[in-house]
Each structure stands twice: as C-alpha cells, then as structure tokens.
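The structure appears right after this line, and notes come after that.
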Amino acid sequence: MTNSEAMRGLPAVHRFLSDPQVAAFEALFGRAQVKDAIARVLDNARGSLRDGVPPFGTLRDAVLADLERAQLDALVPVVNGTGVLLHTNLGRAPLAPSAIEAIRDCGEGYSNLEYDVYEGRRGSRYDRAGALLRSVTGAQDALLVNNCAAAVLLILDTFAKGREVVVARSELVEIGGGFRLPDVLERSGARLVEVGATNKVYLHDFERALAPDTALLLRSHTSNYRITGFTHDVAGADLCALGKRAGVPVVEDLGSGSLVDLAEYGLPHERTVQEALSEGMDLIAFSGDKLLGGPQAGIIAGSKPLIARLRANPLLRALRVDKLTLAALVATLRLYAVPERRTEIPFYAMLAATPAQLRERAERYCVSVVGCEIAETSAYVGGGALPEHGIPSIGVALPGDAERVAADLRRGAQPIVSRIENGRALLDLRSILPQQDAQVITALQSIFA
Ligand SMILES: *Cc1c(COP(=O)(O)O)cnc(C)c1O
C-alpha cells in the first residue's frame, strides 16, 4: 500500500466529531479545540502509515487522551496528598467557607469596591480592609497589593529609588518563582549595601553602613533556609532603635507573616506580625495566602505617614488588589477577630487535626481499598515557614509501582497529587481536606480494582 492510498484510509474529521465521547468534549471546549486535537492525532497517524491505517477506535482513543490532557492544562482543583499544607505549586492556602461565600456574593453582582455606600460618594478600595487589618495587626495603617513580592517592590520604589538599602548578607533570600531579594532591589533602582558575614551580623555592622544616602534598613525572613552553627543576628528591637536614632525607616519582609503564635499548635514559635510591629518596625510586608490562610495578596502594615507615601505612588495602580481577593481577604480576617472561628480557616483546621483523628480517617481508606497501609509520616507547613519542622502526621501508603500509581492518581478525573516515600506512593491525610476523603477513596478503588 502506498502512502497516498493509506491516507485515503484515514477517517474523516466529521467521523470523530459525530462520536458521542468526542462530542462531549466539543460541548466543553468548543469545536475549534476539538478539531485541533483531531488534526494532531491524524498528523501523527500520517507519519506512521507504513504500519497500516490504525482502526478508528484507536485513533478516537488518541483524540480523547489528547483532550483529557488539555483539560488538565486548564486550572482545575486537585487533591493535595503531599503533606505540604501551603504548597505553592498547588495554590497555597485553601479558603475558608466564608471567604468563598464572599467571593460569590461580590462576584455575582456589584459591590461597594470604590464607593462609599453611607455617604453616597466615591470611596477607596484600599479602605475596605483597612480597619480590619488595623485591628487584627495593631498597626497604625495598612495597605493591600497583589502579593508580598509586589509589597516589597512598592516599598523599595517609594523610598529607595537611587538610594541605599542596608541588608544583612545572611538574609539575601531567593524564594520560589524567581523572587530574589538582591535582584528585586536592583530592579527597583535601589543600591544594595550588604553587611555582616554569611553567618554573623551585629548592630555595629548596620551602624557603620549608615550614610546620608541610606533610605532603609531592611530585614527579610529567611523563609526557605536556616543558617545554623555559630551564628549571630541583630534583634528586631535593636535594629528599630538604630533606625529611629538615625531617622531611617526599618522595614521587614516577613514573608509568611503569621497573625497567630504557631506554638499554640505545638510548632516552634514563628515570628508574628504583631511582634514585628511591637518591636518598632516602621513597615512590614507579608503574604495573604501563606500562614494567614487567605487569598493571594500582599499586606503592608505600619506607620501611617509612610503608608500615606505608598498610597501616593502611581505604581500602586499597577499592583492593586482585585475585588474578589479583597472580598476573600476581608472574610478571612474577620475569622481572626473571633478566636473560636479560626479553625474555619482550612490551614488551621489542618494544623489542629490530631494524630488520632487522622488515623481514624486512614483506617477508613484502608478498609475500603485493598492493599493500603497506614503509615506514620511528617507533614510540613510550607509557604516559607518552618522549612525543617516535620509535623507528626498519618498517611496511607499505596501498593504497586510508586511512579505508576502516582501518575494514575494525577491523571484521574479528579487529579490527586501524592508523594513518594520509601518506594511507595503515599497520601498524607493532614493536607487532604476531610470532605475530599470519599472522592479520594473512590478514585483509589477504581485504580486498585
Ligand atoms: C513568600 C515570600 C515572599 C513572596 O510572597 P508572595 O506573596 O508569594 O509574593 C517574599 N518574601 C519572603 C521572605 C517570602 O517568604
């Protein structure tokens, strides 16, 4: 058979389009995308016609596989079985029910985003979360932007363009996604003045670096690494006192920025927002979707006159927070105002889950799925907090080839992300929301049937 004869043997596009399973994707994606998938599969088949024309069923399955893959390329919910509670690749903090409700309510129709309902005149979106942020953090004033990286950029752009920023060498952090402090400083037009050694920095290092051109003293949370051994750091309060004497604002990039002392959950103490402010930081910046447990956002809190200058920076317009974020953030902050409601924030519910509760859930998995075994594991906070601290947790170790099982879990109708430990695929129950258990068990049953 020559190539051209075989080509005539390839099914026509309309034959695929009239297949009910392919048609179901057309209803989802539209005709153009489905036709693209068919064209890709036919192109592929044309390349290997030497082996004969594949049966229609084989080609149709290839089209369906292509479309299923395309479905997973869009933003879809996944189950997080990794045990990393604030997993940046998996969207960090899941939102509280009241935050979801606020997004729905404000997204469905109009809102008072930039309108003062009481007075009947223009209002400011930046004021919507202001009062709550002031009362929850104790700061004089606060401002919201898109994320913590934007917060740091805005601060540097406002105060340090063409001037010097003094940072301890041990804190020149690079976090995930290419946020590297020295590069952000450079982009904002500030000049970096590094002080101290990699492991030790003293107050006199900062003191000696002060110059007429010093714009800020900057502290940064060493989110994803620890320097251990012989080390020395400068206490926040001492740095703030130096800044006051010299008339130079002291700014801290807290990264995760907890509003709660994690020691309450049996974890090591992590510097809180309130602590940084009470030490006298002029401005602090932190994320909305890390330890706060809310939507992606950057929160700047601190001195009223400095925040007024940030508000006046035209760059703020490009970094401004959208209404859905604002709705979710306000709803999340309200949960902090009432301590008993904190575990409505999924991250805190996950931290509060006891090993006994997790074991009970794991037992349900093991009763329902043949070959599962309960495993003691370590979960992690993630999101640049306590990178070395494992939280005792319980997981379900799955039978079979680990890579194969992990791929089957990822590629199912409801993608599930596992982690591989001791040669087995494992689902850590601390990061799986309890309401997802039934769904995960059903997926496991179909994989191990
Ligand atoms: C996470 C982090 C950031 C960036 O926060 P985003 O909200 O992701 O932009 C900045 N600085 C530090 C120290 C961090 O840990």
Side-chain angles (χ1 to χ4, degrees), residues 84-95 99 129 133 137 142-157 160 165 167-188 190 192 216-227 233 236 239 250-259 262 267-268 270-273 275-277 281 283-302 310 315-316 318-322 324-326 328-329 332-333 347 380-389:
V84 179
L85 307 185
L86 300 170
H87 199 303
T88 297
N89 300 156
L90 304 182
R92 293 193 184 151
L95 296 177
L133 277 169
T137 62
L143 185 60
L144 276 180
V145 288
N146 254 326
N147 54 25
C148 185
V152 173
L153 184 66
L154 181 67
I155 292 171
L156 293 173
D157 184 86
V165 176
V167 191
R169 188 164 273 126
S170 55
E171 293 180 354
L172 291 173
V173 61
E174 171 177 322
I175 57 151
F179 180 91
R180 181 184 264 194
L181 196 53
D183 295 349
V184 176
L185 268 154
E186 194 189 309
R187 292 297 305 200
S188 66
L192 168 64
L216 301 172
L217 302 180
L218 179 64
R219 246 189 154 218
S220 177
H221 190 274
T222 58
S223 296
N224 47 12
Y225 66 99
R226 289 287 172 271
I227 295 177
D233 222 343
L239 195 64
V250 185
V251 173
E252 181 164 359
D253 173 10
L254 277 170
S256 245
S258 186
L259 291 172
L262 293 180
L267 299 178
E270 170 89 354
R271 189 171 165 76
T272 64
V273 164
E275 252 174 272
L277 288 169
M281 290 295 160
L283 290 174
I284 57 167
F286 58 101
S287 288
D289 56 352
K290 291 182 177 174
L291 291 176
L292 190 88
Q296 178 189 306
I299 299 162
I300 305 172
L310 294 173
L315 183 60
L316 180 60
L319 307 176
R320 80 179 184 188
V321 74
D322 85 299
L324 301 183
T325 299
L326 200 46
L329 192 81
T332 307
L333 289 171
F347 170 69
Y380 291 87
V381 167
L386 308 174
E388 293 181 314
H389 185 82

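Hydrogens, waters and symmetry mates are skipped; everything else that's a heavy atom, side chains included, is used. As the structure lists them, so they are numbered: ligands from 1, and atoms in each ligand from 1. Nothing fancy with the numbering, it's 1 onward along the sequence.
For the pair Thr332 (side chain) and Ala328 (backbone), a donor-acceptor distance under 3.5 Å is present. Counting only distance, with no hydrogens or angles, the side chain of Ser256 and the backbone of Gly383 share a donor-acceptor pair below 3.5 Å. Under a 3.5 Å cut-off, the side chain of Glu275 and the backbone N or O of Thr272 do form a donor-acceptor pair. Not one N or O on the side chain of Gln296 forms a donor-acceptor pair closer than 3.5 Å with the backbone of Asp289.
Considering backbone and side-chain N/O atoms, Ser220 never comes within less than 3.5 Å of an N/O atom of ligand 1. Taking any N or O of Gly384, backbone or side chain, none lies under 3.5 Å from an N or O belonging to ligand 1. For ligand 1, none of its N or O atoms has an N or O atom of Ser256 under 3.5 Å away. Among the atoms of Arg92, some N or O lies under 3.5 angstrom from an N or O of ligand 1.
Side-chain contact between Leu185 and Leu192 is present, with at least one heavy-atom pair separated by less than 4.5 Å. In this structure, Leu292 and Ile299 have side chains that are in contact, with non-hydrogen atoms separated by less than 4.5 Å.
In the vicinity of Asn147, heavy-atom distances shorter than 4.0 Å reach the ligand 1 atoms 6 (P), 7 (O), 9 (O). Counting atoms of ligand 1 from 1 in the listed order, those under 4.0 Å from a heavy atom of His221 are 13 (C).
For atom 13 (C) of ligand 1, the nearest protein heavy atom (residue, atom name, distance) is Ser223 OG, 3.2 Å. In this structure, atom 11 (N) of ligand 1 lies nearest to the protein heavy atom Asp253 OD2, 2.6 Å. Remark: minimum distance from atom 7 (O) of ligand 1 to any protein heavy atom is reached at Ser287 OG, 2.6 Å. Protein heavy atom in closest approach to atom 2 (C) of ligand 1: Lys290 NZ, 2.4 Å. In terms of protein heavy-atom proximity, atom 4 (C) of ligand 1 is closest to Ile175 CD1, 3.3 Å. In terms of protein heavy-atom proximity, atom 9 (O) of ligand 1 is nearest to Ala149 N, 2.9 Å.
Once rounded to the nearest 0.5 Å, the distance linking CG of Leu277 with CD of Glu252 reads 9.0 Å. To the nearest 0.5 Å, atoms CZ (Phe286) and CG (Leu291) are separated by 10.5 Å.
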